[in-house]
Amino acid sequence: MAPTITQVQTSTTLPAASTVVVIGGGIVGLMAALTLAERGIPVTVLEKGRLAGEQSSRNLGWVRKMGRSAPDVPLALAADRLWATMPERVGADVGYRSAGIMYVARTDAEMEAHEQWLASVRDLSLDSRLLGVREIDDLAPGSTTPWVGAIHTPSDGRAEPTLAAGAIARAAMAKGAIIIENCAVRTLSMAAGRVAGVVTERGEIRCEQVLLAAGLWSRRFLGNLGVSLLTLPLVASVLRTAPMRGPTDIAVGASDFSFRKRYDGGYTITQRGALFAPLTLDHLLLGLHYLPTLRAQWRNLRLSFGRDFLSDISLGRRWSATSRSPFEKIRTIDPPVNDGLIAEAIDNLSEAWPIFKAATIEQTWAGMIDVTPDSLPVISPVEAVPGLTLASGFSGHGFGTSPAAGQLAADILSGTKPLIEPSPYRLDRF
Ligand SMILES: Cc1cc2nc3c(=O)[nH]c(=O)nc-3n(C[C@H](O)[C@H](O)[C@H](O)COP(=O)(O)OP(=O)(O)OC[C@H]3O[C@@H](n4cnc5c(N)ncnc54)[C@H](O)[C@@H]3O)c2cc1C
């Protein structure tokens, strides 16, 4: 069963018009809407299912700079600043704690990779540093694994996905945003060569600008408009324990597990070294673009071919404004949990930190992520469709940067000076 966010009383009445329509009520769309509402710009968020029902409630909650490619770090630094002031801004604790993140290394090769990353961000003034074995034990006592070393970023941390999305949505509405659930956007309506509105399953809304923040559905939505966005779906399986005494408040990642403390006293755990790839037509069509990543990561992929291929095809790739769209056929994508990966996650972790042998698993779930070839999101105008801005493809690490990503998207579509230099995120880089 997937986690659910704190309840939000959303609207049911579709407005006839709104300056901006945001397609997708995940954390990125909600943050953009909050930013726009604070600027006094009328904004309506349309969500096909329930708010944050897909990636934004299912993620691990890590907020990190560590491991990001250098061009992606300014967005993460901006996000840190925004997370720090979030409680004041939204009037609620969203579970943000900069308690630190540590990646432990079992082998010299893993340690070398950490050193190389550190060298790649040398000019960015991060507080990341390499640790020796004794320091690992000081920060996270009780491990029985002979680690070679670690890398630690004290200013990284976590927030609670199930608290954050609800609080941000409530704050956006309090500041004037309209949010509607169970309302899929089928397509755009155009006039004089630019966006003039959106066509939903419940009628049309006129607008000047649209932000497409539809997560892994953005590729399909754009495909129907003749625009190509390169993303492929991958599935991660996650578990949460009952409240327990654990080794540390720091989030810890190894090659085959990760854990982080939760606000409820339990831990969120995953098999960090394995992602499930239910093969679809897109994997065949786009595979070549991913070859460099595949060469480095293929050991981490568990492939399956079968039912998903057929169900993906049956969803359809072209539809009209008057026909039922794929977004009405799947309100909330809820991939099956991979029990094998759940077992590996808890076994590998318990072997490294035996205190986890006493853990009680309270919940398991899976989530589907939208991965681009370079693992950077697209936050960009869509040049082929004037009036359309895109914020998608967060590649499994968009929760942490969402406050900044949402703001950057709002900046781009409203012509405001961008929060950071947006060029790494342009759509036309592919
Ligand atoms: C298991 C897992 C672990 C992760 N761990 C981390 C982590 O620790 N740290 C981190 O930073 N990131 C993590 N991520 C990634 C992070 O969750 C995502 O990058 C982020 O939530 C993306 O937010 P989003 O708003 O772009 O997408 P989503 O949350 O997927 O939201 C998109 C929304 O758009 C809606 N939608 C789609 N099409 C339409 C339409 N036509 N009309 C109306 N609505 C539509 C969908 O229903 C959906 O609710 C993880 C993801 C998963 C799945």
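The chain is numbered in sequence order, starting from 1. Keep in mind that the numbers below use all heavy atoms, side chains included, and drop hydrogens, waters and symmetry copies. Read the numbers this way: they start at 1 and go in the same order the structure lists the ligands and their atoms.
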Tell me which protein heavy atom sits closest to [atom], plus the residue, atom name and distance to 0.1 Å.
{"atom": "atom 40 (C) of ligand 1", "answer": "I23 CG2, 3.6 Å"}
{"atom": "atom 49 (O) of ligand 1", "answer": "E47 OE1, 2.7 Å"}
{"atom": "atom 36 (N) of ligand 1", "answer": "K48 CE, 3.8 Å"}
{"atom": "atom 53 (C) of ligand 1", "answer": "I369 CG2, 3.3 Å"}
{"atom": "atom 11 (O) of ligand 1", "answer": "G400 N, 2.7 Å"}
{"atom": "atom 30 (O) of ligand 1", "answer": "Q55 NE2, 3.2 Å"}
{"atom": "atom 13 (C) of ligand 1", "answer": "G396 O, 3.1 Å"}
{"atom": "atom 19 (O) of ligand 1", "answer": "G398 N, 2.9 Å"}

Hey, which of R307, R219, R220 is the one that makes salt bridge (Lys or Arg N to Asp or Glu O under 4.0 Å) with D312?
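By the salt bridge (Lys or Arg N to Asp or Glu O under 4.0 Å) criterion, D312 pairs with just one of R307, R219, R220: R220.
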So if I count the atoms of ligand 1 from 1 in the order they appear, which ones are less than 4.0 Å from some heavy atom of [X]?
{"X": "G26", "answer": "25 (O), 29 (O), 31 (O), 33 (C)"}
{"X": "V238", "answer": "1 (C)"}
{"X": "W217", "answer": "37 (C), 38 (N)"}
{"X": "F394", "answer": "19 (O), 26 (O)"}
{"X": "G367", "answer": "53 (C)"}
{"X": "A236", "answer": "1 (C)"}
{"X": "I27", "answer": "21 (O), 23 (O), 25 (O)"}
{"X": "V28", "answer": "23 (O), 24 (P), 25 (O), 26 (O)"}

So which bit of [X] gets within less than 4.0 Å of ligand 1, heavy atoms only: side chain, backbone, both or neither?
{"X": "N59", "result": "both"}
{"X": "R58", "result": "backbone"}
{"X": "T270", "result": "neither"}
{"X": "A213", "result": "backbone"}

Within the side chain of [X], is there an N or O that forms a donor-acceptor pair under 3.5 Å with the backbone of [Y]?
{"X": "R206", "Y": "G197", "value": "no"}
{"X": "E201", "Y": "A184", "value": "yes"}
{"X": "E351", "Y": "N348", "value": "no"}

Both conditions, 6.0 Å and 45 degrees, for the charged tip of R272 above the ring of Y103: are they met here?
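Here R272 passes the 6.0 Å and 45° test against Y103.
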When you look at W62 and W83, which way does the ring pair (Phe, Tyr, Trp, His ring centres under 6.0 Å) test go after all the steps?
CA-CA 12 Å; W62 291 42; W83 278 117; over 10 Å; no
CZ of R106: more than 12 outside heavy atoms within 6.0 angstrom?
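Yes, CZ of R106 has more than 12 neighbouring heavy atoms, counting only those of other groups under 6.0 Å.
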Please report the C-alpha distance between K65 and S155 in whole Å, then the side-chain angles of each, then the deciding distance to 0.1 Å, and finally whether the side-chain hydrogen bond (donor to acceptor under 3.5 Å, both in side chains) criterion is met.
CA-CA 9 Å; K65 299 169 288 297; S155 61; 3.0 Å; yes
Show your working on side-chain hydrogen bond (donor to acceptor under 3.5 Å, both in side chains) between S11 and T13 and close with a plain yes or no.
CA-CA 6 Å; S11 317; T13 319; over 6 Å; no
Which of these, [options], has its nearest heavy atom closest to [atom]?
{"atom": "atom 20 (C) of ligand 1", "options": "W62, F399, F327", "result": "F399"}
{"atom": "atom 28 (P) of ligand 1", "options": "A391, A214, S56", "result": "S56"}
{"atom": "atom 42 (N) of ligand 1", "options": "L46, V185, L60", "result": "V185"}

Under-4.0 Å salt bridge between [X] and [Y]:
{"X": "R194", "Y": "E208", "value": "no"}
{"X": "R97", "Y": "D249", "value": "no"}
{"X": "R262", "Y": "E362", "value": "no"}

To check you understand the geometry: which heavy-atom pair defines the closest contact between Q55 and D370, and what is its length?
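It is NE2-OD1, 3.2 Å.
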Side-chain donor-acceptor pairs under 3.5 Å in residues 160-178, sequence neighbours left out?
{"unit_1": "E160", "atom_1": "OE1", "unit_2": "R260", "atom_2": "NH2", "d": "3.2"}
{"unit_1": "E160", "atom_1": "OE2", "unit_2": "R260", "atom_2": "NH1", "d": "2.7"}
{"unit_1": "E160", "atom_1": "OE2", "unit_2": "Y263", "atom_2": "N", "d": "2.8"}
{"unit_1": "R170", "atom_1": "NH1", "unit_2": "Q7", "atom_2": "O", "d": "2.8"}
{"unit_1": "R170", "atom_1": "NH2", "unit_2": "T6", "atom_2": "OG1", "d": "3.4"}
{"unit_1": "K175", "atom_1": "NZ", "unit_2": "E38", "atom_2": "OE2", "d": "2.9"}
{"unit_1": "K175", "atom_1": "NZ", "unit_2": "R89", "atom_2": "O", "d": "3.2"}

Going by the rule salt bridge (Lys or Arg N to Asp or Glu O under 4.0 Å), which residues pair with R426 if we only count those two or more places apart in sequence or in a different chain?
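R426 satisfies salt bridge (Lys or Arg N to Asp or Glu O under 4.0 Å) with E383, D428 once adjacent residues are dropped.
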Compute the minimum heavy-atom distance from S392 to ligand 1 and say whether it is under 4.0 Å.
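S392: no contact with ligand 1 (<4.0 Å).
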Tell me whether H397 has any N or O atom under 3.5 angstrom from an N or O of ligand 1.
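Yes, since at least one N or O of H397 sits under 3.5 Å from an N or O of ligand 1.
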